[in-house]
Amino acid sequence: MRPTMKLTTADLDAALPAQRGRRVRRPPTSDDPSLRAAYQLCRRTTRVHDPGVYALIQLMPAVLRPAGWALWAAVSVLDDLADRRDAEPAEREARVEAWTQALQRDLAAGTSTDLIRHALVDTALQWHLDLSSLQGAMTSTRDDVRGRRFADWTEWRAWCSEAVVPWGDQLRHLFEQAGAPMTLRLDRYKDYEQFVDGTQLTDTLTDLSTDLPQGDLLLPHEALDAFPGAEDDLRQGRWSPATAALIRELTTLARQWLTKPAMTRGMHPGAANMLNTAACLMRAQLDAVDAAGPALLKRAPRPSLVARTRILAPARLRSRLAWSLTPLTVPGPRRPAMTTRDPSPAADDTALRRPPPHPGGARPPQIAADQMPFHVAVIMDGNGRWAEQRGLPRPEGHRAGTAAVHEMVYGALEIGLRHLTLYAFSTENWKRDTEEITTILEAIRRDLDEGPLRDLDVRQRWLGHPAKLPEELVQALRREERRTRNRTALTLTVCINYGGRDEITRTAAALAQAARAGDIDPHLIGQDDFTRHLPYPDMPDVDLLWRTGNEQRTSNFLPWHATYAELHFTPDYWPDVDRRDLWQAITEYSRRQRRHGAAPASHHRPFRHGRSDFRS
């Protein structure tokens, strides 16, 4: 089911002769005999099962190759467990599930008796990878056991994304950790999605001769129905005019999806070389599919040795040059094993930790319960101006602002705040420069992947619309929602691609649909009805709305919830803010008298400006 490139090991050796005598930098843990054996097994497994992928991993820096072998060997093992026909589907599902659960236990222990899992666990700990993001892909592999049927291309693409993208993300994280990020351009994200689709479609066409006898036809009915009779012919192993026309159509489509020259523009040349080489290899594979004719249904086609050599030989030279000019970051000491036992949504939270103390030793003020806000919303403004003030590009301010986000969460937990909502990216922010937008969204995704808040008692939620957002970011946001849904101390809502008017418009549309369906009487609609159709009906009203950056407007932020919010504006730019500023804002809120339209009390405390002692 995984994307493969059908090259033989002998062909690969002929195309890429080994560099005898050349010193290769070994991974930091290779002095351990059992670990060295584990990585060697992963290397052999990848080379035998997926020679084309092995060729691409050889284009990575030498220090990253063992991690690449470990990741792909795990893919191969899981796929084999799902595809082996020596057992009934239920037993094969159980095998995949058992392997996946064993991996979670091994991650917690920091080692494994299974060699491939041993290498995978070491890779995760050495390179600080979060393998929990693979949970969906592993579940997809398990579910593949019972066969797949796709009504249309949308369902097919969702399967591709779920099964393939998380593994590719792990390779991207490896490059990031090594200091050569495989940065994806936001304005080319559609290209990346289609590239993934192209790899999977190429694999599906290549594997027809093995999939069809097993009853698998992994093409959407939308494509099959356009060529009447083709599906029956394929299932019967018959090569017909309809079948030939279908294959021509699909290979043409796959070539279009794989040919995205702008996709690697601006990317590190070593990473770009890998992706461009992958595209060339798969287009050569499609040429072999086209040339196979009726033999396509009998055996997997392979490109000629000349075609592969023409692609791989110069790619290997480009790779050596690119990495020889790149200073790479090698991981330091192996980080401790993960303390959580299972990153799935059903995991318990027995290993939650307290937030780290403030570096200066500051402690939160004591605020009476009846004077504490229940919900604080923050407009994190001034990142770009902070950078410009220091002569830096604006995107650097957004990177610096990530630390302030962590500080807000730590401070909220310490003072006992129940709801914190942060305005990270608005629907209006799409008007900004593409590089700045990419930096903002990439910083959010990287923070989610690195997980500095993961072990805190924080329920994370995302408020916004997925349109135009990178799919990997959407998946990461939803993953954290699932993972933390049972936590209770603080609800952290991050607004990304959010607009208040957009939220109200969509809620009104949902309410109109409910009225049209007869679920509600339009003449009796009240505020409670509207609230029930909001994205998060349980989100409480905002008590305190705070904006940094010396601006005094609410900027389309939570208009429904912030109708009666107390407003608090401060001059500091967001990267200069820490938890003491949150405590200061809450202290000032506690001095205000909230009336909600009622007459003022005869004795009330005046509102006072200035910082409290805990900030000094």
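One-based numbering along the sequence shown.
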task = Give a yes or no answer on whether the side chain of Arg308 reaches the backbone of Arg302 with a donor-acceptor pair at less than 3.5 Å.
result = no

ask   = Hey, what's the ring geometry for Trp323 with His268, parallel, tilted or perpendicular (30° and 60° as the breaks)?
value = parallel

ask   = Would you find more than 12 non-hydrogen atoms of other residues, nucleotides or ligands less than 6.0 Å from Arg299 atom CZ?
value = no

request  = Using the salt bridge (charged side-chain N to carboxylate O under 4.0 Å, His left out) rule, take Glu155 and Arg148 through it: C-alpha gap first, then chi angles, then the decisive distance, then the call.
outcome  = CA-CA 10 Å; Glu155 289 186 7; Arg148 294 280 188 174; over 6 Å; no

Aromatic contact, Trp153 with Trp257 (centres under 6.0 Å) = yes

key: Tyr192 side chain to Met263 backbone, donor-acceptor under 3.5 Å   = yes

query = Among all residues two or more places apart in sequence or in another chain, which pass the salt bridge (Lys or Arg N to Asp or Glu O under 4.0 Å) test with Glu176?
reply = Arg172, Arg445, Arg446

Side chains of Trp239 and Asp233 in contact at under 4.5 Å (non-hydrogen atoms) = no

request  = Go through the structure and list residues passing salt bridge (Lys or Arg N to Asp or Glu O under 4.0 Å) with Glu481, not counting sequence neighbours.
outcome  = none

task = Examine the side chains of Asp106 and Thr111 and answer whether a donor and an acceptor come within less than 3.5 Å of each other.
result = no

request  = Report yes or no: does Thr484 contribute a side-chain atom to a donor-acceptor pair with the main-chain N or O of Gln460 at less than 3.5 Å?
outcome  = yes

request  = Would you give the length of the straight line joining atom CG of Asp211 to atom OG1 of Thr206, rounded to the nearest 0.5 angstrom?
outcome  = 10.0 Å

request  = Give a yes-or-no answer on whether the side chains of Asp32 and Ser34 include a donor-acceptor pair shorter than 3.5 Å.
outcome  = yes

inquiry  = Can you confirm whether Pro470 sits close enough to Leu441 that some side-chain heavy atom of one is under 4.5 Å from a side-chain heavy atom of the other?
reply    = yes

key: Enclosure of Glu231 CD (heavy-atom neighbours >12, cutoff 6.0 Å)   = yes

query = Is the shortest heavy-atom distance from the side chain of Pro66 to the side chain of Arg43 under 4.5 Å?
reply = no

remark   = Tightest non-hydrogen contact, residues Val474 and Pro466, listed as CG2-CB, 4.2 Å

request  = Given side-chain contact (heavy atoms from CB on, under 4.5 Å), test His465 with Thr427 step by step and report yes or no.
outcome  = CA-CA 9 Å; His465 198 266; Thr427 51; over 6 Å; no

message = For the residue pair Arg478 and Trp462, would you count it as a cation-pi contact if the rule is NZ or CZ under 6.0 angstrom from the ring centre and within 45 degrees of the ring axis?
response = no

ask   = According to the side-chain hydrogen bond (donor to acceptor under 3.5 Å, both in side chains) rule, which pairs have a member within residues 289-298, sequence neighbours left out?
value = Thr251-Asp290, Arg255-Asp290

Side chain to side chain, Gln58 and Arg316, heavy atoms closer than 4.5 Å = yes

request  = Report yes if some heavy atom in the side chain of Asp449 is under 4.5 Å from a heavy atom in the side chain of Leu129; otherwise report no.
outcome  = no

ask   = With ring centroids as reference points, do Tyr39 and Trp69 lie under 6.0 angstrom apart?
value = no

query = Do Leu246 and Leu234 pass the side-chain contact (heavy atoms from CB on, under 4.5 Å) test, and can you show the C-alpha distance, the side-chain angles, and the key distance before you say yes or no?
reply = CA-CA 10 Å; Leu246 171 66; Leu234 282 172; 3.8 Å; yes

request  = Please test Thr45 against Asp50 for side-chain contact (heavy atoms from CB on, under 4.5 Å), starting from the C-alpha separation and ending with a verdict.
outcome  = CA-CA 8 Å; Thr45 301; Asp50 299 286; over 6 Å; no

query = Is it true that a side-chain atom of Ser319 and a backbone atom of Ala315 form a donor plus acceptor pair closer than 3.5 Å?
reply = no

ask   = Taking the side chain from Asp216 and the backbone from Leu212, do they hold a donor-acceptor pair closer than 3.5 Å?
value = no

query = Are the side chain of Gln285 and the backbone N or O of Pro301 linked by a donor-acceptor pair below 3.5 Å?
reply = yes

task = Take Asp191 and Arg265 through the test salt bridge (charged side-chain N to carboxylate O under 4.0 Å, His left out) and record every step on the way to the result.
result = CA-CA 12 Å; Asp191 289 352; Arg265 191 172 299 155; over 6 Å; no

query = Is it the case that Thr243 and Ser240 place a side-chain donor and acceptor less than 3.5 Å from each other?
reply = yes

request  = With side-chain contact (heavy atoms from CB on, under 4.5 Å) as the test, would you mind laying out the steps for Thr277 and Arg318 before giving the verdict?
outcome  = CA-CA 10 Å; Thr277 303; Arg318 288 192 297 268; 4.2 Å; yes

key: Phe425 and Trp430 aromatic centres sub-6.0 Å   = yes

key: Sub-4.5 Å side-chain heavy-atom contact between Leu217 and Leu208   = yes

ask   = Can you name the salt bridge (Lys or Arg N to Asp or Glu O under 4.0 Å) partners of Arg461, sequence neighbours left out?
value = Asp538

key: Flag side-chain contact, heavy atom, 4.5 Å: Glu450 against His128   = no

ask   = Do the side chain of Trp127 and the main chain of Asp122 share a donor and acceptor less than 3.5 angstrom apart?
value = no

Residues in salt bridge (Lys or Arg N to Asp or Glu O under 4.0 Å) contact with Arg432, at least two apart in sequence or another chain = Glu436

request  = Give the minimum heavy-atom separation between Gly229 and Ala242, together with the two atoms involved.
outcome  = C-CB, 4.5 Å

inquiry  = Is any side-chain heavy atom of Asp152 closer than 4.5 Å to one of His221?
reply    = no

ask   = Is the backbone of Leu81 close enough, under 3.5 Å, to the side chain of Arg95 for a donor and an acceptor to pair up by distance?
value = no

With Phe195 via ring pair (Phe, Tyr, Trp, His ring centres under 6.0 Å) - residues at least two apart = none

